[in-house]
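What follows is a single structure, written as structure tokens, with notes after it.
Bear in mind that the values here come from a model prediction, so they are computed numbers and not experimental data.
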Amino acid sequence: MLIPLVLLLSVVTAQGTAPAQPEAPAREPFTYDPAGRRDPFVSLLRSGSDSRAVRSGAAEGLAGLAIADIAVRGVIKSRDGYLAIVQGPDTKTYLVRPDDRLLDGTVKSITPAGMVLLQEVSDPLSLVTQKEVRKLLRGTEEGK
């Protein structure tokens, strides 16, 4: 009687013990030393408007908020014009008037639809030093 070779090999390996595998040596945690090089995980497309790089000496309140971090939640009409209600990443709300200063720009104007801000661009490769950003009450924001 002939036993298929595959069946015979599977019986032999099932009865035998598996060879012991050596344990891997413990690894040290990885640390990155930039040594003057740029961070490879920072986007090159957003280098001029990266709010994290500007925020090192952030002030308290509205002056410590970057334009990218705020959202318009409401617009109020007063005797002097329009005021905007904005919300920061810490879920605190602030009243904003035209010419108020933020971390990386100023409020140019406030309309019933939203507000227009002048953002300072800190990109050394760009010829433009300011760009106009529209934060709308409803819808998406625009940058020019």
Just how far is it from atom CE of Met115 to atom CD1 of Ile110, taken to the nearest 0.5 Å?
6.0 Å
The criterion is side-chain hydrogen bond (donor to acceptor under 3.5 Å, both in side chains); which residues satisfy it with Lys108, sequence neighbours excluded?
Glu132
Are Glu60 and Lys92 within salt-bridge range, i.e. N to O under 4.0 Å?
no
If hydrophobic clusters are built from ILVMFWY residues whose side chains come within less than 4.5 Å, do Val72 and Leu62 share one?
yes
Should Tyr94 and Val107 be regarded as members of a common hydrophobic cluster, given that ILVMFWY residues are connected when their side-chain heavy atoms come within less than 4.5 Å of each other, either directly or indirectly?
yes
Does the side chain of Arg73 come within less than 4.5 Å of Val86's, by heavy atoms?
no
Going hydrophobic residue to hydrophobic residue with side-chain gaps under 4.5 angstrom, can you get from Leu83 over to Leu137?
no
Count I, L, V, M, F, W, Y as connected when their side-chain heavy atoms are under 4.5 Å apart, and connections chain through other members. Are Ile67 and Tyr82 then in the same cluster?
yes
Close side-chain approach of Asp100 to Thr106, heavy-atom, < 4.5 Å:
no
Ile76 side, atom CD1; Ile85 side, atom CD1 - distance, nearest 0.5 Å:
3.5 Å
How far apart are the closest heavy atoms of Pro89 and Leu65, and which atoms are they?
CD-CD2, 3.8 Å
Using the rule that Ile, Leu, Val, Met, Phe, Trp and Tyr join whenever any side-chain heavy atoms are under 4.5 Å apart, tell me whether Leu118 and Ile70 fall into a single cluster.
no
Asp69 side, atom CG; Gln87 side, atom CD - distance, nearest 0.5 Å:
12.0 Å
Take atom CZ of Arg97 as the centre, draw a 6.0 Å sphere, and report whether it contains more than 12 heavy atoms from other residues, nucleotides or ligands.
no
Distance in Å, Gln130 CD paired with Glu120 CD, rounded so as to fall on 0.5 Å steps
6.0 Å
